[in-house]
K.L.:
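Before I ask anything, let me first share the structure, which is written out below as C-alpha coordinates.
Side-chain atoms are counted along with the backbone in the values below, which use heavy atoms only and exclude waters and symmetry mates. Order of the sequence lines sets the chain letters (A, B, ...), proteins ahead of strands, with each chain counted from 1.
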Amino acid sequence: MPELPEVETIRRNLARTIKGKRISRVSILQPAMVKREIAPPMLAKRARNRFITAVKRRGKALLIFLDSPDVIVFRLGMTGQMLWSSPGRPVRRDMHTHVIIDFGAGERLLFRDPRRFGEMYLTGKGNIECILRMGTEPLHRNFTPVVLNSVINSRVRIKQLLLDQKKIAGIGNIYSDEILFEAGIHPCTPSCSIKGVRLGKLHKAVCLILREAIACNGDTVSDYRTAFNENGSYQDNHRVYQRQGEPCLRCGTPIERMQLGGRSSHYCPKCQK
DNA sequence: AGTACGCCCTGGCCGC
DNA sequence: TGCGGCCAGGGCGTAC
(Lines give C-alpha, C1' and ligand atoms only; values in the text may rest on other atoms or scores of the structure.)
Protein backbone atom coordinates (compact mmCIF):
# COMPACT_ATOMS: atom_id res chain seq x y z
CA MET A 1 0.00 0.00 0.00
CA PRO A 2 1.53 3.29 -1.00
CA GLU A 3 2.66 5.22 2.06
CA LEU A 4 5.13 8.10 2.17
CA PRO A 5 8.20 6.14 0.93
CA GLU A 6 6.30 4.61 -1.99
CA VAL A 7 4.79 7.94 -3.07
CA GLU A 8 8.17 9.62 -2.68
CA THR A 9 9.74 6.95 -4.91
CA ILE A 10 7.07 7.51 -7.55
CA ARG A 11 7.53 11.28 -7.22
CA ARG A 12 11.26 10.95 -7.88
CA ASN A 13 10.59 8.68 -10.87
CA LEU A 14 8.13 11.18 -12.35
CA ALA A 15 10.32 14.20 -11.67
CA ARG A 16 12.79 12.53 -14.06
CA THR A 17 10.24 11.65 -16.72
CA ILE A 18 7.32 14.08 -16.90
CA LYS A 19 8.69 17.35 -15.52
CA GLY A 20 8.85 19.94 -18.28
CA LYS A 21 6.68 17.88 -20.63
CA ARG A 22 3.46 19.05 -22.21
CA ILE A 23 0.24 17.11 -21.65
CA SER A 24 -1.30 16.40 -25.04
CA ARG A 25 -4.37 14.61 -23.74
CA VAL A 26 -6.01 13.30 -20.57
CA SER A 27 -8.26 10.25 -21.02
CA ILE A 28 -10.49 9.49 -18.07
CA LEU A 29 -11.69 5.92 -18.54
CA GLN A 30 -13.30 5.61 -15.12
CA PRO A 31 -14.97 8.95 -14.26
CA ALA A 32 -15.88 7.73 -10.76
CA MET A 33 -12.20 7.94 -9.84
CA VAL A 34 -12.30 11.72 -10.34
CA LYS A 35 -13.47 13.45 -7.18
CA ARG A 36 -14.30 16.98 -6.01
CA GLU A 37 -16.15 19.75 -7.82
CA ILE A 38 -14.32 19.76 -11.15
CA ALA A 39 -15.99 17.19 -13.41
CA PRO A 40 -13.86 14.74 -15.46
CA PRO A 41 -14.38 16.45 -18.88
CA MET A 42 -13.45 19.84 -17.39
CA LEU A 43 -10.38 18.34 -15.73
CA ALA A 44 -9.24 16.87 -19.04
CA LYS A 45 -9.82 20.18 -20.80
CA ARG A 46 -7.96 22.27 -18.22
CA ALA A 47 -4.96 19.95 -18.15
CA ARG A 48 -4.65 19.66 -21.91
CA ASN A 49 -1.69 21.45 -23.52
CA ARG A 50 -0.33 22.40 -20.10
CA PHE A 51 3.31 21.94 -19.19
CA ILE A 52 4.26 20.16 -15.98
CA THR A 53 6.32 22.50 -13.86
CA ALA A 54 6.91 20.31 -10.81
CA VAL A 55 6.07 16.94 -9.25
CA LYS A 56 5.68 17.19 -5.49
CA ARG A 57 4.41 15.12 -2.60
CA ARG A 58 2.44 15.98 0.52
CA GLY A 59 2.06 13.03 2.88
CA LYS A 60 0.76 10.20 0.68
CA ALA A 61 -0.61 12.60 -1.97
CA LEU A 62 1.17 13.04 -5.31
CA LEU A 63 0.94 16.58 -6.72
CA ILE A 64 1.47 17.37 -10.39
CA PHE A 65 1.88 21.12 -10.88
CA LEU A 66 0.82 22.68 -14.19
CA ASP A 67 1.86 25.97 -15.81
CA SER A 68 -1.55 27.34 -14.88
CA PRO A 69 -3.16 27.97 -11.49
CA ASP A 70 -4.01 24.25 -11.37
CA VAL A 71 -2.47 21.20 -9.78
CA ILE A 72 -3.50 17.56 -10.33
CA VAL A 73 -3.71 15.58 -7.10
CA PHE A 74 -3.48 11.78 -7.00
CA ARG A 75 -4.18 9.72 -3.89
CA LEU A 76 -3.31 6.09 -4.42
CA GLY A 77 -5.38 4.50 -1.65
CA MET A 78 -4.50 0.85 -1.16
CA THR A 79 -3.58 -0.37 -4.61
CA GLY A 80 -3.05 2.72 -6.77
CA GLN A 81 -0.19 2.77 -9.27
CA MET A 82 1.33 5.46 -11.47
CA LEU A 83 2.99 3.73 -14.41
CA TRP A 84 5.27 5.39 -16.96
CA SER A 85 4.90 4.04 -20.47
CA SER A 86 7.26 4.88 -23.32
CA PRO A 87 7.95 3.38 -26.75
CA GLY A 88 11.01 1.58 -25.34
CA ARG A 89 9.05 0.13 -22.39
CA PRO A 90 5.36 0.25 -23.21
CA VAL A 91 2.78 -0.51 -20.52
CA ARG A 92 -0.46 -1.95 -21.77
CA ARG A 93 -3.69 -0.57 -20.32
CA ASP A 94 -6.09 -3.03 -18.73
CA MET A 95 -9.44 -3.07 -16.96
CA HIS A 96 -7.92 -1.39 -13.89
CA THR A 97 -6.42 1.52 -15.81
CA HIS A 98 -8.61 4.50 -14.92
CA VAL A 99 -6.74 7.51 -16.32
CA ILE A 100 -4.15 7.98 -19.07
CA ILE A 101 -2.15 11.19 -19.38
CA ASP A 102 -0.58 11.39 -22.85
CA PHE A 103 2.52 13.41 -23.63
CA GLY A 104 2.79 12.56 -27.32
CA ALA A 105 5.53 10.52 -29.04
CA GLY A 106 4.17 7.38 -27.36
CA GLU A 107 4.91 8.63 -23.85
CA ARG A 108 2.15 8.35 -21.29
CA LEU A 109 1.39 8.05 -17.61
CA LEU A 110 -1.19 5.46 -16.51
CA PHE A 111 -3.16 5.62 -13.26
CA ARG A 112 -4.14 2.07 -12.29
CA ASP A 113 -6.00 1.02 -9.16
CA PRO A 114 -7.62 -2.44 -8.88
CA ARG A 115 -9.39 -1.76 -5.58
CA ARG A 116 -10.38 1.77 -6.52
CA PHE A 117 -9.73 3.32 -3.12
CA GLY A 118 -7.64 5.95 -4.85
CA GLU A 119 -8.77 9.24 -6.36
CA MET A 120 -7.70 12.03 -8.67
CA TYR A 121 -8.77 15.63 -8.78
CA LEU A 122 -7.82 19.06 -10.06
CA THR A 123 -7.65 22.04 -7.78
CA GLY A 124 -6.02 25.45 -7.41
CA LYS A 125 -2.44 25.52 -6.16
CA GLY A 126 -3.57 27.70 -3.26
CA ASN A 127 -6.18 25.16 -2.16
CA ILE A 128 -3.90 22.19 -1.60
CA GLU A 129 -3.25 22.56 2.12
CA CYS A 130 -6.86 23.49 2.74
CA ILE A 131 -8.14 20.34 0.99
CA LEU A 132 -5.54 17.87 2.22
CA ARG A 133 -5.51 19.15 5.82
CA MET A 134 -2.40 17.17 6.64
CA GLY A 135 -0.11 17.40 9.61
CA THR A 136 3.64 17.81 9.77
CA GLU A 137 5.92 16.30 7.08
CA PRO A 138 8.11 13.80 8.94
CA LEU A 139 11.08 14.13 6.58
CA HIS A 140 11.08 17.92 6.51
CA ARG A 141 13.90 19.44 8.53
CA ASN A 142 11.45 21.31 10.73
CA PHE A 143 10.17 17.96 12.07
CA THR A 144 11.95 17.96 15.43
CA PRO A 145 11.33 16.08 18.71
CA VAL A 146 9.69 19.28 19.97
CA VAL A 147 7.25 19.23 17.03
CA LEU A 148 6.59 15.52 17.58
CA ASN A 149 5.91 16.21 21.24
CA SER A 150 3.36 18.86 20.30
CA VAL A 151 1.38 16.52 18.00
CA ILE A 152 1.31 13.50 20.34
CA ASN A 153 -0.62 15.44 22.93
CA SER A 154 -3.68 13.18 23.23
CA ARG A 155 -4.41 9.96 25.08
CA VAL A 156 -4.98 8.11 21.79
CA ARG A 157 -2.85 4.99 21.49
CA ILE A 158 0.39 5.77 19.68
CA LYS A 159 -0.30 3.27 16.88
CA GLN A 160 -3.53 5.05 15.96
CA LEU A 161 -1.94 8.46 16.34
CA LEU A 162 0.86 7.61 13.91
CA LEU A 163 -1.82 6.69 11.37
CA ASP A 164 -3.61 10.04 11.80
CA GLN A 165 -2.68 12.05 8.72
CA LYS A 166 -3.75 15.28 10.40
CA LYS A 167 -1.03 14.80 13.00
CA ILE A 168 1.87 13.40 10.94
CA ALA A 169 1.52 13.05 7.17
CA GLY A 170 2.38 9.91 5.24
CA ILE A 171 2.66 7.06 7.73
CA GLY A 172 0.45 4.02 7.09
CA ASN A 173 0.00 0.61 8.63
CA ILE A 174 3.30 -0.98 7.60
CA TYR A 175 5.61 1.82 8.69
CA SER A 176 3.75 2.58 11.92
CA ASP A 177 4.42 -1.00 13.05
CA GLU A 178 8.05 -0.88 11.94
CA ILE A 179 8.61 2.52 13.58
CA LEU A 180 7.17 1.39 16.93
CA PHE A 181 9.34 -1.74 16.92
CA GLU A 182 12.43 0.31 16.12
CA ALA A 183 11.57 2.69 18.98
CA GLY A 184 10.75 -0.15 21.41
CA ILE A 185 7.29 1.28 22.10
CA HIS A 186 4.15 -0.85 22.51
CA PRO A 187 1.38 0.13 20.03
CA CYS A 188 -1.17 0.60 22.86
CA THR A 189 0.91 3.18 24.71
CA PRO A 190 -1.05 6.39 25.34
CA SER A 191 0.63 8.97 23.07
CA CYS A 192 0.94 11.72 25.66
CA SER A 193 2.80 9.40 28.05
CA ILE A 194 5.77 9.22 25.66
CA LYS A 195 8.34 11.69 26.95
CA GLY A 196 12.06 12.32 27.18
CA VAL A 197 14.32 9.52 25.96
CA ARG A 198 11.37 7.52 24.57
CA LEU A 199 10.18 10.52 22.61
CA GLY A 200 13.66 10.97 21.19
CA LYS A 201 13.74 7.30 20.18
CA LEU A 202 10.36 7.58 18.49
CA HIS A 203 11.43 10.68 16.57
CA LYS A 204 14.62 8.98 15.45
CA ALA A 205 12.70 5.83 14.42
CA VAL A 206 10.22 7.80 12.29
CA CYS A 207 13.05 9.42 10.34
CA LEU A 208 15.17 6.26 10.13
CA ILE A 209 12.47 3.86 8.94
CA LEU A 210 11.05 6.24 6.34
CA ARG A 211 14.48 7.05 4.92
CA GLU A 212 15.43 3.39 4.88
CA ALA A 213 12.24 2.53 2.99
CA ILE A 214 12.83 5.27 0.41
CA ALA A 215 16.34 3.89 -0.11
CA CYS A 216 14.64 0.54 -0.87
CA ASN A 217 12.28 2.20 -3.39
CA GLY A 218 9.36 1.33 -1.11
CA ASP A 219 7.62 -1.81 0.06
CA THR A 220 5.97 -4.25 -2.36
CA VAL A 221 3.75 -6.41 -0.16
CA SER A 222 1.14 -6.60 -2.87
CA ASP A 223 0.33 -4.11 -5.61
CA TYR A 224 2.85 -1.32 -5.18
CA ARG A 225 5.22 -0.72 -8.09
CA THR A 226 7.51 2.19 -8.87
CA ALA A 227 6.57 4.36 -11.85
CA PHE A 228 8.89 2.11 -13.86
CA ASN A 229 6.84 -0.94 -12.88
CA GLU A 230 9.53 -2.31 -10.57
CA ASN A 231 9.11 -3.80 -7.11
CA GLY A 232 10.39 -2.08 -4.01
CA SER A 233 12.50 -4.12 -1.60
CA TYR A 234 11.58 -2.93 1.89
CA GLN A 235 9.41 -6.04 2.36
CA ASP A 236 12.70 -7.95 2.79
CA ASN A 237 13.50 -5.77 5.81
CA HIS A 238 10.28 -6.12 7.83
CA ARG A 239 11.02 -6.50 11.53
CA VAL A 240 7.40 -7.08 12.57
CA TYR A 241 4.88 -6.36 9.82
CA GLN A 242 3.19 -9.61 8.74
CA ARG A 243 5.66 -11.60 10.85
CA GLN A 244 3.18 -12.76 13.50
CA GLY A 245 4.30 -16.06 15.05
CA GLU A 246 7.85 -15.66 13.71
CA PRO A 247 10.72 -14.94 16.12
CA CYS A 248 11.61 -11.34 16.97
CA LEU A 249 14.88 -10.51 15.21
CA ARG A 250 16.16 -8.97 18.44
CA CYS A 251 15.07 -11.36 21.20
CA GLY A 252 13.46 -14.41 19.57
CA THR A 253 10.04 -13.95 21.18
CA PRO A 254 7.21 -14.72 18.71
CA ILE A 255 5.83 -11.55 17.10
CA GLU A 256 2.21 -10.91 18.04
CA ARG A 257 -0.61 -9.35 16.14
CA MET A 258 -3.65 -7.50 17.45
CA GLN A 259 -6.50 -5.39 16.10
CA LEU A 260 -6.30 -1.70 16.95
CA GLY A 261 -8.93 0.68 15.62
CA GLY A 262 -9.86 -1.78 12.89
CA ARG A 263 -6.24 -2.10 11.71
CA SER A 264 -3.87 -4.98 12.35
CA SER A 265 -0.86 -4.19 14.48
CA HIS A 266 2.29 -6.33 14.73
CA TYR A 267 4.72 -6.07 17.63
CA CYS A 268 7.18 -7.88 19.87
CA PRO A 269 5.60 -8.26 23.33
CA LYS A 270 9.02 -8.31 24.97
CA CYS A 271 10.93 -5.56 23.12
CA GLN A 272 8.02 -3.10 22.98
CA LYS A 273 6.83 -1.69 26.30
C1' DA B 1 -15.22 17.81 20.42
C1' DG B 2 -13.08 13.78 20.53
C1' DT B 3 -13.41 9.09 19.61
C1' DA B 4 -15.24 4.68 17.45
C1' DC B 5 -16.84 2.22 13.79
C1' DG B 6 -18.78 0.95 9.18
C1' DC B 7 -18.29 1.44 4.41
C1' DC B 8 -16.25 1.55 -0.20
C1' DC B 9 -13.69 -2.18 -3.55
C1' DT B 10 -11.62 -6.57 -5.60
C1' DG B 11 -7.64 -10.01 -5.85
C1' DG B 12 -5.94 -13.56 -3.33
C1' DC B 13 -6.21 -17.03 -0.21
C1' DC B 14 -8.38 -20.44 2.78
C1' DG B 15 -11.26 -24.27 3.65
C1' DC B 16 -14.74 -27.43 2.51
C1' DT C 1 -10.42 -29.44 -8.38
C1' DG C 2 -13.55 -25.82 -7.84
C1' DC C 3 -15.90 -22.45 -5.79
C1' DG C 4 -17.88 -19.57 -2.08
C1' DG C 5 -16.73 -16.56 1.38
C1' DC C 6 -13.74 -13.73 3.89
C1' DC C 7 -9.87 -10.63 4.55
C1' DA C 8 -6.73 -6.61 3.61
C1' DG C 9 -7.06 -1.25 4.83
C1' DG C 10 -6.85 4.65 3.61
C1' DG C 11 -9.85 7.95 4.36
C1' DC C 12 -14.28 9.69 5.02
C1' DG C 13 -18.98 9.91 6.83
C1' DT C 14 -21.93 9.07 10.60
C1' DA C 15 -23.08 8.17 15.40
C1' DC C 16 -22.52 8.65 20.18
K.L.:
Quick one: on DNA chain B, does R155(A) or F117(A) contact a more 5' nucleotide (nearest heavy atom)?
P.N.:
R155(A)
K.L.:
D223(A) has an atom CG; how far is it from atom P of dC13(B), in whole Å?
P.N.:
11 Å
K.L.:
Would one find a side-chain N or O of Y224(A) under 4.0 angstrom from OP1 or OP2 of dG9(C)?
P.N.:
no
K.L.:
With nearest nucleotide decided by heavy atoms, which residue, E119(A) or Y241(A), maps closer to the 5′ end of DNA chain C?
P.N.:
Y241(A)
K.L.:
Which part of the nucleic acid, if any, lies within contact of Q165(A), taking any heavy atom under 4.0 Å across all strands shown: a base, the sugar-phosphate backbone alone, or nothing?
P.N.:
sugar-phosphate
K.L.:
Nearest to the side chain of Q160(A), heavy atoms from C-beta on, is which of dA4(B), dA8(C), dC9(B)?
P.N.:
dA4(B)
K.L.:
Quick one: which of dG10(C), dT3(B), dA8(C) gets closest to the side chain of L163(A)?
P.N.:
dG10(C)
K.L.:
Hey, would you say the F181(A) and H266(A) ring centroids sit under 6.0 Å apart?
P.N.:
no
K.L.:
Check whether the side chain of R263(A) and the base of dG10(C) form a donor-acceptor pair under 3.5 Å.
P.N.:
yes
K.L.:
Taking 4.0 Å as the cut-off, does a side-chain nitrogen or oxygen of K60(A) come that near to OP1 or OP2 on dG11(C)?
P.N.:
yes
K.L.:
Taking any heavy-atom pair under 4.0 Å as a contact, classify F74(A): base, sugar-phosphate, or nothing.
P.N.:
nothing
K.L.:
Roughly, in whole Å, what's the span from CG in L4(A) to P in dG10(C)?
P.N.:
14 Å
K.L.:
Centroid separation under 6.0 Å, is that true for the rings of Y241(A) and Y175(A)?
P.N.:
no
K.L.:
D219(A) and H238(A): side-chain donor and acceptor closer than 3.5 Å?
P.N.:
yes
K.L.:
Without decimals, in angstroms, what is the distance between R257(A) CZ and dG9(C) C1'?
P.N.:
11 Å
K.L.:
Report which part of the nucleic acid R36(A) touches: base, sugar-phosphate, or nothing (heavy-atom distance under 4.0 Å, all strands).
P.N.:
nothing
K.L.:
Please answer whether the main-chain N or O of R16(A) pairs with a side-chain N or O of R12(A) as donor and acceptor at a distance below 3.5 Å.
P.N.:
no
K.L.:
Would you say H96(A) reaches dG11(B)'s phosphate, i.e. side-chain N/O to OP1/OP2 under 4.0 Å?
P.N.:
yes
K.L.:
How long is the line joining CG of D113(A) and C1' of dT10(B), in whole Å?
P.N.:
10 Å
K.L.:
Taking CZ from R75(A) and C1' from dC12(C), how many angstroms apart are they, rounded to a whole number?
P.N.:
10 Å
K.L.:
May I have the distance from M78(A) (atom CE) to dC7(C) (atom P), rounded to whole angstrom?
P.N.:
15 Å
K.L.:
In whole Å, I'd like the distance from the CD atom of Q259(A) to the P atom of dC5(B).
P.N.:
11 Å
K.L.:
Side chains of H140(A) and N142(A): do they bring a donor and an acceptor to under 3.5 Å?
P.N.:
yes
K.L.:
Starting from P on dA8(C), measure out to CD on E3(A) and report it in whole angstrom.
P.N.:
16 Å
K.L.:
Heavy atoms under 4.0 Å, any strand shown: does T79(A) hit a base, just sugar-phosphate, or nothing?
P.N.:
nothing
